[in-house]
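Single-structure report; data block below.
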Amino acid sequence: MKDFIFGKLTSDAIPHKWYTIGGTASIIAMLVIIAIYLTKAKRWTRAWEEWLTSTDPKKIGTMYMILASIMFFRGMVDAGMVWLQQSIAADSGGYLDPDHFQQIFTSHGDIMVFFVTMGFFFGLMNWIIPLQIGARDLAFPFLNSLGFWLTLAGAVLINLFFVVGGDFANTGWLALAPFSELEFNPSVGVDYLIWSLQLSGLGSLLAGINFFVTIVKKRAPGMTLMRMSLFTWNALCAMVLIIAAFPVLTAVTFLLWLDRAAGMHFFTTGFGGNQMMYWNLVWMWGHPEVYILVIPAFGMFSEIVSTFCKKKIFSYTSMVWAAISITALSYLVWLHHFFVMGAGPGINTFFGVVTFLIAIPSGVQVFNWILTMYKAKIQLAAPMYWFIGFLTLFMIGGMGGVFMASPPADFQVHNSLFLVAHFHTMIVGVALFGIFAGVTFWFPKIFGFTLDEKLDKRAFWFWYVGFFVAFTPLYLLGFMGAPRRIDHYDAVTGWQPLYIAAACGFILLSCGVITQVVLVVKSIRQRKLHKAPADPWDGRTLEWATHSPPPFYNFAVIPTVTSHESFWDMKKEGIQPSREYKDIECFKNTGMGLYVSGFAFLAAFAIVWQIIWLMIVGLIGIIGCLAYLAFHDDMEYILPAVEVAKIEREYDDTR
């Protein structure tokens, strides 16, 4: 009876280690603060009606970014703990035991990839993509809500080991076999990781399908594919990769769970299994995932450099084909992650050559950005600082990638800190800098006021200088033979000074984060002094043609598009927005996305602990909610033209 009720859950799962007690206390404190705020402000009803049940992509986008911000601080704490451990661990055990160190290493990678970078990108896409294509909503508003809540469920599950469990996976962020097999990892930490990725991966897949259909089917009149903005083009390419790659992740992690829970042998060394099949499958997802993280940033930077150079992007057509080429080639390079597996010179040569080739369209984009700046009157606003910082780091990271594309060179630095430095050059220098640039650029459109320029530029310098101080030592350590994932080393190696230098770089990066927090708080407090017009940057694309922040229907009248810089053309020709308002069909708010994700979370938690009855409850709840939706077609309402006119007059009066 006890096993039926609790499954594998025992008293050992109660927090009893310093980090699980601290993590649990932090989670409880955060929830209490939120509850106190909502109670004192009397906003429980508003939070439910306007946010938690919303299908408005702008509010869902804001919730994505709030989730990503919270997880960003969680991931930064993990990074700081890793750097501190390695800086003091010469000839000593440091302050972390080896198992705890590997848990932190694993959670840092998964949190930063799945919940921070992708969370910010989906947040910005929810805000900007419908505006750039002249749409009022995404193609499937309910799926948009469901995708976010599944991502949130995955984020909660990946942190739940603090409260119920005690240990997380210590396998590396990809849970590589055989380390993730039951023989080597009998605790539930790997199961938490698997089912967190299942939930968040499904949320990302639904979002990818939704954005793909939206971009293909909901563009404004006259907006052909070659009249879309470059951010929209790059987002479309990223969504193609999500749709192609994430089912692979879902399948491979599910097979791993079957190995652990059902005694299967897909990735074991016995009974016909093959651990290299796991490596191939997970990297068939993993390398496209790298480009899922950076391709949207390329689009953001294209918008920024064009806007602040007051010029059309140089060779728009080649930029589009470069994005398409990167998308296609990114699915053909996964094996360069394990050249050392012994596949043979023929296979290694093929994947090495394709990896070299992917540098060509990337180089095309770099040259086009530089040529856009050539002889331009560049406005050095904060987004351009992030762009210039990205450009230098991207070229450094790209050269490192070309170096490792050669199998003989890769043999020397494989699994070393050189690889870690290269990966972070691309993810921090491209993806994170892209996020910071995009948030700064579109902040006035989203919130109606600008960020403090001085503080934003100060944050940039902390990040830029801090990056070099933090990661240049890792390049050197990699050449000196320092492997990644180590928690201690001998002082005779001479590595410690470089590890200490890297930890100092983390301090500078932390100063950048603190500056960004102050930046947001100060800007909110002084928002009346920094109120933004609809077009604060003299923009060129369609999102700047509507109010800041936009109404829930985005456009009172959908504009007709004549080029990929449609708003710029409208301004040059003196075209004013039409006042011929019509009734607008809007999607009703619904809590079903939250309900389905809640039941999915219960089912995943039950699977982790093998609580059969709770798993059944979760699955029945999911089926029941989806069945209700299938027979409940009253999901839209009509906003009359008279009401649209009234809302527009109110916006005009507040200008």
Side-chain angles (χ1 to χ4, degrees), residues 13-48 50-54 59-81 100 103-104 106-108 110-120 122-123 148-168 189 192-193 195-196 199-200 203 435 439 509-510 512-522 524-525 591 593-594 597-598 600-602 604-605 608:
I14 298 172
H16 58 280
K17 300 178 181 179
W18 67 268
Y19 56 90
T20 56
I21 294 172
T24 301
S26 299
I27 292 169
I28 293 173
M30 183 175 66
L31 294 175
V32 169
I33 290 171
I34 293 172
I36 290 174
Y37 168 75
L38 291 175
T39 301
K40 284 192 172 183
K42 298 180 180 179
R43 294 193 175 183
W44 283 103
T45 302
R46 182 182 176 186
W48 175 259
E50 296 186 17
W51 289 92
L52 303 184
T53 62
S54 178
K59 290 185 176 178
I60 291 173
T62 301
M63 290 192 290
Y64 263 117
M65 289 192 283
I66 291 172
L67 171 63
S69 299
I70 294 171
M71 297 299 282
F72 177 71
F73 289 111
R74 165 82 166 81
M76 285 293 288
V77 169
D78 284 343
M81 293 177 72
H100 188 195
Q103 291 179 44
I104 294 169
T106 301
S107 68
H108 169 74
D110 286 300
I111 284 170
M112 286 299 198
V113 168
F114 288 95
F115 302 105
V116 176
T117 312
M118 293 193 69
F120 273 118
F122 277 132
F148 166 73
W149 289 111
L150 284 170
T151 302
L152 177 62
V156 173
L157 196 65
I158 205 171
N159 287 290
L160 196 63
F161 76 93
F162 283 120
V163 182
V164 185
D167 290 306
F168 189 61
Y192 267 128
L193 176 57
W195 287 98
S196 170
L199 292 177
S200 62
I435 288 165
V439 169
L509 296 177
S510 299
V513 175
I514 293 169
T515 304
Q516 287 169 312
V517 173
V518 174
L519 162 70
V520 173
V521 173
K522 181 180 178 182
I524 291 173
R525 287 182 174 178
L594 177 57
S597 300
F601 172 81
L602 287 179
F605 177 80
V608 167

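Across all non-hydrogen atoms, the minimal contact from Pro15 to Thr24 is CG-OG1, 3.4 Å. Gly123 approaches Met65 most closely through the heavy-atom pair CA-CG, 3.9 Å. The nearest pair of heavy atoms linking Ile158 to Met71 is CG2-CE, 4.0 Å. Between Leu38 and Ala47 the shortest heavy-atom distance is CD2-CB, 4.4 Å. Scanning both residues, Phe601 and Leu199, for their nearest heavy atoms gives CA-CD1, 4.2 Å. Heavy-atom minimum distance, Thr53 versus Gly591: CG2-CA, 3.8 Å.
With a 4.5 Å cut-off on side-chain heavy atoms, Leu193 and Phe161 do not count as touching. Annotation: side chain of Ile60 is not in contact with side chain of Phe122 (no heavy-atom distance under 4.5 Å). For the pair Val521/Arg525, a side-chain contact is recorded, criterion being any heavy-atom separation below 4.5 Å from C-beta on.
The CD1 atom of Ile34 sits 11.0 Å away from the OH atom of Tyr37 when rounded to the nearest 0.5 Å. Taking CG of Leu519 as the reference point, atom CD1 of Ile524 lies at 9.5 Å (rounded to 0.5 Å). Note that CG of Leu31 and OG of Ser26 are 11.0 Å apart. Values are rounded to the nearest 0.5 Å. Interatomic distance, Thr20 OG1 to Phe168 CZ, rounded to the nearest 0.5 Å: 14.5 Å. Between the CH2 atom of Trp51 and the CZ atom of Arg43 there is a distance of 10.5 Å, given to the nearest 0.5 Å. Interatomic distance, CZ of Phe162 versus CD1 of Ile27, reported as 6.5 Å (0.5 Å rounding).
Shown here are the side chain to side chain donor-acceptor pair (under 3.5 Å) partners of Asn159, two or more places apart in sequence or in another chain: Arg74. For Tyr192, the side chain to side chain donor-acceptor pair (under 3.5 Å) partners at least two apart in sequence or on another chain are Trp609.
Between the side chain of Ser107 and the backbone N or O of Ile104 there is at least one donor-acceptor pair closer than 3.5 Å. Proximity of a side-chain donor or acceptor of Ser196 to a complementary backbone N or O of Gly154 within less than 3.5 Å is detected.
A side-chain donor from one of Thr39 and Trp44 sits under 3.5 Å from a side-chain acceptor of the other.
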Pairs under 3.5 angstrom only: tabulate donor-acceptor contacts from the side chains of residues 111-120 to other protein residues two or more places apart or in another chain.
residue	atom	partner	partner atom	Å
Thr117	OG1	Met112	O	2.8

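Ring planes of His100 and Tyr19: parallel class, angle under 30° (limits at 30 and 60°).
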List the steps, then state whether side chain to side chain contact (heavy atoms under 4.5 Å, CB included) holds for Val517 with Phe73. CA-CA 11 Å; Val517 173; Phe73 289 111; 3.6 Å; yes
